[in-house]
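So that we are looking at the same thing, I have put the structure below in structure tokens.
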Amino acid sequence: MTIFEKIIGREIPAKIVFEDDDVIAFHDVDPKAPVHVLIVPKRVIPRLAEAEEADAPLLGKLIWTATKVARELGVAESGYRVVINSGPDAGESVPHLHVHLLGKRSLSWPPG
Ligand code: DGP
């Protein structure tokens, strides 16, 4: 069971900002920006590289949830970045697909 499944199951606490039947969004425990929220599907897909065509609606919902959370947390106008780390070269550390939403500071490009 991944750490995110434990958050979904309320076995460990998290600062949840949004939840419905399909997704949950909560503040990252080790934030890399003043706003750093993770948007996670409740159904486990280990990483983006393992998503299937049938997962397309859920993938779209993750991005739509990022849009809503960004509005809610006041970064829609100032700007924000949405990141998915898939696999070792990207530094993925939790094998449960998640979208990072980062904002409230200027973000450099390209990422490291
Ligand atoms: P990634 O490196 O893309 O797999 O990102 C995993 C993120 O998960 C990382 O930014 C830290 C976060 N994280 C790990 N464990 C916990 C936890 O127990 N609670 C919360 N809120 N975030 C966690």
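One-based numbering, in listed order, for ligands and for the atoms of each. Here the structure is a predicted model, which means the values were calculated and not measured. Numbering of residues begins at 1 and proceeds along the displayed sequence. Computation of the quantities below employed the complete heavy-atom set of this structure, encompassing side-chain atoms and omitting hydrogens, waters and symmetry-equivalent molecules.
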Heavy-atom pair with the smallest gap, counting every atom of L102 and L107:
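It is O-CD1, 3.7 Å.
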Just checking, is any N or O donor in the side chain of H36 or H100 under 3.5 Å from an acceptor N or O on the other one?
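There is such a pair (donor and acceptor under 3.5 Å, judged by atom type) between the side chains of H36 and H100.
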So, do V35 and Y80 sit near enough that their side-chain heavy atoms are less than 4.5 Å apart?
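No, side chains not in contact.
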May I have a table of the N/O to N/O pairs between ligand 1 and the protein that fall below 3.5 Å, each row giving the two atom names and the distance to 0.1 Å?
unit_1: ligand 1; atom_1: 2 (O); unit_2: G91; atom_2: O; d: 3.1
unit_1: ligand 1; atom_1: 2 (O); unit_2: S93; atom_2: N; d: 3.4
unit_1: ligand 1; atom_1: 2 (O); unit_2: S93; atom_2: OG; d: 3.0
unit_1: ligand 1; atom_1: 3 (O); unit_2: N85; atom_2: ND2; d: 2.9
unit_1: ligand 1; atom_1: 3 (O); unit_2: H98; atom_2: NE2; d: 2.9
unit_1: ligand 1; atom_1: 3 (O); unit_2: H100; atom_2: NE2; d: 2.7
unit_1: ligand 1; atom_1: 4 (O); unit_2: S93; atom_2: N; d: 2.6
unit_1: ligand 1; atom_1: 4 (O); unit_2: S93; atom_2: OG; d: 3.2
unit_1: ligand 1; atom_1: 4 (O); unit_2: V94; atom_2: N; d: 3.1
unit_1: ligand 1; atom_1: 4 (O); unit_2: H98; atom_2: NE2; d: 2.9
unit_1: ligand 1; atom_1: 5 (O); unit_2: H98; atom_2: NE2; d: 3.0
unit_1: ligand 1; atom_1: 5 (O); unit_2: H100; atom_2: NE2; d: 3.3
unit_1: ligand 1; atom_1: 10 (O); unit_2: D28; atom_2: OD1; d: 3.3
unit_1: ligand 1; atom_1: 10 (O); unit_2: D28; atom_2: OD2; d: 2.5
unit_1: ligand 1; atom_1: 21 (N); unit_2: H27; atom_2: O; d: 3.0
unit_1: ligand 1; atom_1: 21 (N); unit_2: V29; atom_2: N; d: 3.4
unit_1: ligand 1; atom_1: 22 (N); unit_2: V29; atom_2: N; d: 3.2

Donor-acceptor contacts under 3.5 Å from residues 85-92 side chains, at least two apart:
unit_1: S86; atom_1: OG; unit_2: A49; atom_2: N; d: 3.2
unit_1: E92; atom_1: OE1; unit_2: R47; atom_2: NE; d: 2.8
unit_1: E92; atom_1: OE1; unit_2: G87; atom_2: N; d: 2.8
unit_1: E92; atom_1: OE2; unit_2: R47; atom_2: NE; d: 3.2
unit_1: E92; atom_1: OE2; unit_2: R47; atom_2: NH2; d: 2.9

H96 side-chain N/O to P41 backbone N/O, donor-acceptor pair under 3.5 Å:
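Confirmed, H96 side chain pairs with P41 backbone.
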For R43, which of D22, D21, D55 qualifies under salt bridge (charged side-chain N to carboxylate O under 4.0 Å, His left out)?
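Going through D22, D21, D55 one by one, the salt bridge (charged side-chain N to carboxylate O under 4.0 Å, His left out) with R43 is satisfied by D55 alone.
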